[in-house]
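Following: one structure in structure tokens, then a few remarks.
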Amino acid sequence: MSTGSGVALDLIRSGAATTRAALIEHLGWSRITLARRLDELLTAEIIVVSGQADSGGGRPAESFAIKRDAGILFSVDIGGSHTRVAITDLVSTILIEDEADIGLWEGPDAVFTWASQVFDYLLRQLGKTRGDVRGIGVGVPGPVDVATGRLASPQIDAQWNDVLVKDYFPAEFTAIFAVDRDVNVMAVAESRLGWPESRDIVVLKLGLGIGCSFVLDGRVYRGARGGAGDFSHSFRFGAAPCTCGRAGCLEAVASGYAISRELNSRGYRIRTSGDIVALARVGSPDVEGLLSAAGAEIGTALVDVVGLLNPAVVVIGGILSEAGDPLMSSIRDALLSGVRAFSGTGLVVAPSRIGNKVGVLGASLIAQDALFDADRISHLTRTV
């Protein structure tokens, strides 16, 4: 087992052990070894003494925490038609954020040019510079090779094939980059911040497309090549064209893309998922009917997922989920009426507890994970 400082840092970050006594109990190290590793982290200004913990009598025990103001993190949550950015501290508390109706179909040049310009503006608002940025986390609506940060091929839009995100940021950014599929990023935040009491979660992101991610035993499951959760392209019925080039996929009949296509054919002018939500909020019968039908299809498709994985929670997020009922109730009713009694017992089907900030919080968390990777920190701080 490694005795590097990064191992101790993992426990401090998670809150599992924040005092010397608790760290020794978890790690089994000698007091000398632990003292040396804590000194390395303190000297590198990665952790600070955060206060005095109750030691049950006698001299109060020191408590350690990440030095949250030792730098900042950028986070980017790219959707099909909407992108949100944020700057956070090193423990992923949002300091400032912005958003715009720009996304997948505008292509990487447009999205990252906009993001870089907004970040420079937000940095000035905070009195920070690019040199203060320690990590950059990005969620993208397509499969990613998480080892390299390069987007896989093919993507929904060919403009994104084989994109390496860090190539789109100015060279003076020396930050650590972390990139993952948008719904995986969302699942990280839901698992750690939204539903920390649940170890097994299915997360859906509903927008123009449909994303799906699995949290199994507390960790996002990505599969052999990062492609796990390709839920939206399972065949449902009919000849409706899908963005993947095939027909009859779930996304072709039950996504924001499918709803907008139908509404536009009826004379509406729909461009984004937000346009659909706006109509739902004013009680449009056309929109309510289409949302109800889409929810029933999504809930029915989830029956097999729940049967295979037996999650404790199915979280429904993304812009389209902001329409509320009848979408949410249709998903819940179709799923709970179709799943076997054993898998459905105690199953929670609920909206995100975090809301529309889930993507940027998740992107900040994956940037934080990359920045504080145990092996990386152990190598950077090792003295003896």
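Keep in mind that this is a model prediction, so the values were computed, not measured.
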Legend entry - Residue pairs involving residues 325-353 (criterion salt bridge (charged side-chain N to carboxylate O under 4.0 Å, His left out); sequence neighbours excluded): Glu197-Arg353

Inset, instruction - For Ser75 and Ser364, test the side chains for any donor-to-acceptor distance below 3.5 angstrom and give the result as yes or no. - result: no

Legend entry - With Asp369 via salt bridge (Lys or Arg N to Asp or Glu O under 4.0 Å) - residues at least two apart: Arg13, Arg192

Inset, instruction - Output the distance between atom CG (Leu122) and atom CD (Glu97), rounded to the nearest 0.5 Å. - result: 9.5 Å

Inset, instruction - Mind listing the closest non-hydrogen atom pair of Ala86 and Ile94 along with its distance? - result: CB-CG2, 4.4 Å

Inset, instruction - Just grab all the salt bridge (charged side-chain N to carboxylate O under 4.0 Å, His left out) pairs involving residues 16-35, residues at least two apart or on different chains. - result: Arg20-Glu62

Inset, instruction - Using ring pair (Phe, Tyr, Trp, His ring centres under 6.0 Å) as the criterion, list what pairs up with Tyr168, not counting sequence neighbours. - result: Phe112

Inset, instruction - Please collect all salt bridge (charged side-chain N to carboxylate O under 4.0 Å, His left out) contacts where either partner lies in residues 109-118, sequence neighbours excluded, each pair once. - result: none

Legend entry - Distance-minimising heavy-atom pair for Ile72 and Leu123: CD1-CD2, 3.4 Å

Inset, instruction - Taking atom CZ of Arg376 as the centre, report whether more than 12 heavy atoms of other residues, nucleotides or ligands fall under 6.0 Å from it. - result: yes

Inset, instruction - Identify the heavy atoms of Gly137 and Ile366 that sit nearest to each other, and give their distance. - result: CA-CG1, 4.3 Å

Inset, instruction - Not counting sequence neighbours, which residues clear ring pair (Phe, Tyr, Trp, His ring centres under 6.0 Å) with Phe119? List them please. - result: Phe74

Legend entry - Distance-only donor-acceptor check, side chains Asp98 and Tyr121, under 3.5 Å: no

Legend entry - Test log, rule salt bridge (Lys or Arg N to Asp or Glu O under 4.0 Å), inputs Asp77 and Lys357: CA-CA 9 Å; Asp77 176 32; Lys357 299 182 189 297; over 6 Å; no

Legend entry - Inter-residue atom distance Gln368.CD - Ile176.CD1, 0.5 Å rounding: 13.5 Å

Inset, instruction - Using the test side chain to side chain donor-acceptor pair (under 3.5 Å), find all partners of Ser191 that sit at least two apart in sequence or belong to another chain. - result: none

Inset, instruction - Would you confirm whether Asp373, through its side chain, and Ala370, through its main-chain N or O, come within 3.5 Å as a donor-acceptor pair? - result: no

Legend entry - N/O donor-acceptor pair under 3.5 Å between Thr113 side chain and Ala110 backbone: no

Inset, instruction - Look only at the side chain of Ser292 and the backbone of Gly289, and say whether a donor-acceptor pair between them is shorter than 3.5 Å. - result: no

Inset, instruction - Please answer whether the main-chain N or O of Gly131 pairs with a side-chain N or O of Arg134 as donor and acceptor at a distance below 3.5 Å. - result: yes

Inset, instruction - Check whether any side-chain N or O of His26 sits under 3.5 Å from a backbone N or O of Ala22 as a donor-acceptor pair, and report yes or no. - result: yes

Legend entry - Pair Ser213-Asn184, side-chain donor/acceptor within less than 3.5 Å: yes

Inset, instruction - Verify, without hydrogens or angle tests, whether Thr381 (side chain) and Leu41 (backbone) share a donor-acceptor contact under 3.5 angstrom. - result: no

Inset, instruction - Decide whether Trp105 and Val183 are clustered together by the hydrophobic rule: side chain heavy atoms of Ile, Leu, Val, Met, Phe, Trp, Tyr closer than 4.5 Å, transitively. - result: no

Inset, instruction - May I ask whether Leu90 and Leu38 are part of the same hydrophobic cluster, defined by side-chain heavy atoms of I, L, V, M, F, W, Y residues being less than 4.5 angstrom apart, directly or through others? - result: yes

Legend entry - Donor-acceptor pair, side chain of Ser352 and main chain of Ile354, under 3.5 angstrom: yes

Inset, instruction - Verify the cluster assignment for Val203 and Leu302: are they in a single hydrophobic cluster under the rule of side-chain heavy atoms below 4.5 Å apart? - result: no

Side chains of residues 293-301: which donor-acceptor partners sit under 3.5 Å, not counting sequence neighbours?
residue: Glu297; atom: OE1; partner: Arg236; partner atom: NE; Å: 3.1
residue: Glu297; atom: OE1; partner: Arg236; partner atom: NH2; Å: 3.1
residue: Thr300; atom: OG1; partner: Ala296; partner atom: O; Å: 2.8

Inset, instruction - Verify salt bridge (Lys or Arg N to Asp or Glu O under 4.0 Å) between Asp286 and Arg266, making sure each step is shown before the conclusion. - result: CA-CA 9 Å; Asp286 284 341; Arg266 299 182 190 183; 3.3 Å; yes

Legend entry - Verdict with supporting geometry, Leu73 and Ile87, side chain to side chain contact (heavy atoms under 4.5 Å, CB included): CA-CA 6 Å; Leu73 304 172; Ile87 297 178; over 6 Å; no

Legend entry - Thr3 versus Thr33, side-chain donor and acceptor atoms under 3.5 Å: no

Legend entry - Straight-line distance of Ile47 CD1 to Phe372 CZ, nearest 0.5 Å: 10.5 Å

Inset, instruction - Provide the full list of ring-ring contact (aromatic ring centres under 6.0 Å, His included) pairs with a residue in residues 183-224, sequence neighbours left out, each pair given once. - result: none

Inset, instruction - Sorted by first residue and then second, give each salt bridge (charged side-chain N to carboxylate O under 4.0 Å, His left out) pair with at least one member in residues 175-187; sequence neighbours left out. - result: Asp180-Arg222, Asp182-Lys205

Inset, instruction - Please confirm whether the backbone N or O of Arg150 pairs with a side-chain atom of Asp145, one donor and one acceptor, at under 3.5 Å? - result: no

In a table with atom names and distances, give each donor-acceptor pair under 3.5 Å that connects a side chain of residues 305-324 to protein atoms at least two apart or in another chain.
residue: Ser321; atom: OG; partner: Gly318; partner atom: O; Å: 2.5

Inset, instruction - Check Val358 against Ala189 and note the closest heavy-atom contact, atom names and distance. - result: O-CB, 3.6 Å

Inset, instruction - Would you tell me whether Thr88 and Thr93 have side-chain atoms, one donor and one acceptor, within less than 3.5 Å of each other? - result: no

Inset, instruction - Answer yes if Phe177 and Trp160 sit in the same cluster of Ile, Leu, Val, Met, Phe, Trp and Tyr residues linked by side chain heavy atoms under 4.5 Å apart, and no otherwise. - result: yes

Inset, instruction - Would you kindly say whether Glu99 and Thr83 are connected by a side-chain donor-acceptor distance under 3.5 Å? - result: no

Legend entry - CZ (Arg269) with more than 12 external heavy atoms under 6.0 Å: no

Inset, instruction - May I have the step-by-step check of side chain to side chain contact (heavy atoms under 4.5 Å, CB included) for Val287 and Ile276, ending in yes or no? - result: CA-CA 7 Å; Val287 173; Ile276 299 171; 4.0 Å; yes

Legend entry - Non-hydrogen atoms of Val111 and Gly103 that approach each other most closely: CG2-O, 3.3 Å

Inset, instruction - Please check if Leu327 and Tyr257 belong to a single hydrophobic cluster, counting links between Ile, Leu, Val, Met, Phe, Trp and Tyr side chain heavy atoms closer than 4.5 Å. - result: no

Inset, instruction - Spell out, as yes or no, whether a donor-acceptor pair under 3.5 Å connects the side chain of Ser265 to the backbone of Glu262. - result: yes

Legend entry - Derivation and outcome, side chain to side chain contact (heavy atoms under 4.5 Å, CB included), residues Phe64 and Ser50: CA-CA 5 Å; Phe64 300 95; Ser50 63; 5.7 Å; no

Inset, instruction - Would you mind listing the cluster partners of Val48? Hydrophobic ones only (ILVMFWY), side-chain contacts under 4.5 Å, chaining allowed. - result: none

Legend entry - Exam field: side chain Arg37 to backbone Gly6, donor-acceptor pair closer than 3.5 Å: no

Inset, instruction - Kindly compute the distance separating CG (Leu290) from OG (Ser260), expressed to the nearest 0.5 Å. - result: 10.0 Å

Legend entry - Considering all heavy atoms, the nearest Asn264-Ile270 contact: OD1-N, 2.7 Å

Inset, instruction - Would you indicate whether the side-chain heavy atoms of Pro108 and Gln159 approach each other to under 4.5 Å? - result: yes

Inset, instruction - Give the C-alpha distance, both sets of side-chain angles, the deciding distance and a yes or no for side chain to side chain contact (heavy atoms under 4.5 Å, CB included) between Val179 and Thr148. - result: CA-CA 9 Å; Val179 184; Thr148 65; over 6 Å; no

